[in-house]
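Every chain is numbered from 1 and lettered A, B, ... according to where its sequence line falls, protein lines coming before strand lines.
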Number of protein chains: 2
Amino acid sequence: MRRDNELSPESEADNLRTGETTGIIGYRLRRAQLSVFQLFLAVFEDLKLRPVEYTVLVLIADNPGRKQTEIAEVLGIKRANFVTLVHGLEERNLVERIPSDADKRANALHLTKEGEAFLAHARSVHDRMEQDLVKRLGGQKARKQLLDLLDRLT
Amino acid sequence: MRRDNELSPESEADNLRTGETTGIIGYRLRRAQLSVFQLFLAVFEDLKLRPVEYTVLVLIADNPGRKQTEIAEVLGIKRANFVTLVHGLEERNLVERIPSDADKRANALHLTKEGEAFLAHARSVHDRMEQDLVKRLGGQKARKQLLDLLDRLT
DNA sequence: TATTGTTATACTCTATAACTATA
DNA sequence: TATAGTTATAGAGTATAACAATA
């Protein structure tokens, strides 16, 4: 039994039945991921930093001197595509590629002084964003639960 | 204190310190989403169906006669890009676009008989995949928890 | 022979502008 | 004027192949 006019007397567009799609885990994961990434882009608009660039900076800071291949691989980025990414960060004087003594084929990645200062700021901005997300989730326990559940799917 | 040789006497590649990145909600969401989508692509390789195409078929089946714009919008797809998607499904005789009587600008979307049979099969394949994911998560309660948490981020 | 960084390239996904035919 | 569908196009993101230098 249809009752079109119950809530919209002027016959607005009917709502679609989305019950089945909203039960699909992959679909919901994607929507949530896009939502969080869009928040990231908005928050980091002034710093002109994309999510992947932030993780690269963090990873270099926590693992100075590593090869491009190592950083790229742990992030699931093809080394061919990582070249452009690192070049961009290098042009902004955030990262430097130092030819390795031990292996002359490889570049050791380091943050510049400017890169360290930039990351310190980015981290504080990011921490506030994460705290906002944790608040949305309902606290640290909920965050832990989420990361735990995501781990089982990865 | 570094103890490189504790577990790798032959001095294999050191593991990177990834603790900070693996604590980032957006990063973990993305990895999990990619993982689930890759599973989908593997499971649906024979049916040659992408995740977005599956949700489109489901949505049309549950909302026959709707306009392209309506289906596209609820999925967050630009109507310009939705054209190609629907054409692909139409060429496979899964979907038909019937010019609307009420609004001659619009196409009403329906599944063909073949599309209904195809979707019935796809649904059963998809159900098995979801059951596998639920098992990984630790049961229906864990699934409910996950969808609940994802909702708060979306 | 294998690996590192690189270039070139192609394919998908996404976003915008502009057109047409209708409303 | 606004909307539905469409086309064209540009920009990201991602994947593979091939090359030079080095291991």
For this session: Answer whether the closest heavy-atom distance between the side chains of A:Val95 and A:Val56 falls below 4.5 Å.
Result: no
For atom [atom1] of [X] and atom [atom2] of [N], their distance in whole Å:
| X | N | atom1 | atom2 | answer |
| --- | --- | --- | --- | --- |
| A:Leu41 | D:dG13 | CG | C1' | 13 Å |
| A:Lys67 | C:dA2 | NZ | P | 16 Å |
| A:Glu90 | C:dG5 | CD | P | 12 Å |
| B:Ile77 | D:dG5 | CD1 | C1' | 15 Å |
| B:Arg31 | D:dG13 | CZ | P | 16 Å |
| B:Leu109 | D:dG5 | CG | C1' | 11 Å |
| B:Leu34 | D:dG13 | CG | P | 13 Å |
| A:Arg66 | C:dG5 | CZ | C1' | 18 Å |

Who pairs with [X] by side-chain hydrogen bond (donor to acceptor under 3.5 Å, both in side chains), at least two apart in sequence or on another chain?
| X | answer |
| --- | --- |
| A:Gln68 | A:Asn107 |
| A:Asn93 | none |
| A:Asp132 | none |
| A:Asn63 | none |

For this session: State, to 0.1 Å, how close B:Leu49 and B:Arg92 come at their nearest heavy-atom pair, and which atoms those are.
Result: CD1-NH1, 4.1 Å
For this session: Examine distances only and state if a side-chain atom of B:Arg136 and a backbone atom of A:Leu153 form a donor-acceptor pair shorter than 3.5 Å.
Result: yes
Problem set entry | Test ring-ring contact (aromatic ring centres under 6.0 Å, His included) applied to A:Phe82 - qualifying residues, sequence neighbours left out | none
Exercise. Excluding sequence neighbours, so at least two apart, what forms ring-ring contact (aromatic ring centres under 6.0 Å, His included) with A:Phe37?
Worked result: none
Problem set entry | Worked check of side-chain contact (heavy atoms from CB on, under 4.5 Å) between B:His121 and B:Val125 | CA-CA 6 Å; B:His121 182 213; B:Val125 171; 3.8 Å; yes
Exercise. Is there a residue in residues 80-89 of chain A whose heavy atoms reach under 4.0 Å of DNA chain D, and which residues are they?
Worked result: A:Ala80, A:Asn81
Exercise. For C:dG5, does either OP1 or OP2 sit under 4.0 Å from a side-chain N or O belonging to A:Thr69?
Worked result: yes
For this session: Please state whether the phosphate of C:dT14, meaning OP1 or OP2, lies under 4.0 angstrom from any side-chain nitrogen or oxygen of B:Lys78.
Result: no
Seminar exercise, completed: The contact string for nucleotides 18-23 of chain C, one letter per nucleotide 5' to 3', using protein heavy atoms under 4.0 Å with B, S and - for base, sugar-phosphate only and none, comes out as B--BBS
Exercise. Under a 4.0 Å heavy-atom cut-off, which of residues 50-59 of chain A touch DNA chain C?
Worked result: none
For this session: Can you tell me which residue pairs pass the salt bridge (charged side-chain N to carboxylate O under 4.0 Å, His left out) test with a partner in residues 24-43 of chain B, sequence neighbours excluded?
Result: A:Asp151-B:Arg28
Exercise. So what does the secondary structure string of DNA chain C come out as, 5' to 3', with Watson-Crick or wobble pairs under 3.5 angstrom, [ ] for crossing and | for pairs with another strand?
Worked result: |||||||||||||||||||||||
Seminar exercise, completed: Residues at least two apart in sequence or cross-chain that pass side-chain contact (heavy atoms from CB on, under 4.5 Å) with A:Gln140, listed by chain then number, are A:Val134, A:Arg143
For this session: Determine whether more than 12 heavy atoms belonging to other residues, nucleotides or ligands lie under 6.0 Å from atom CG of B:Asp127.
Result: yes
Exercise. Would you say the side chains of A:Arg97 and A:His87 form a donor-acceptor pair under 3.5 Å?
Worked result: yes
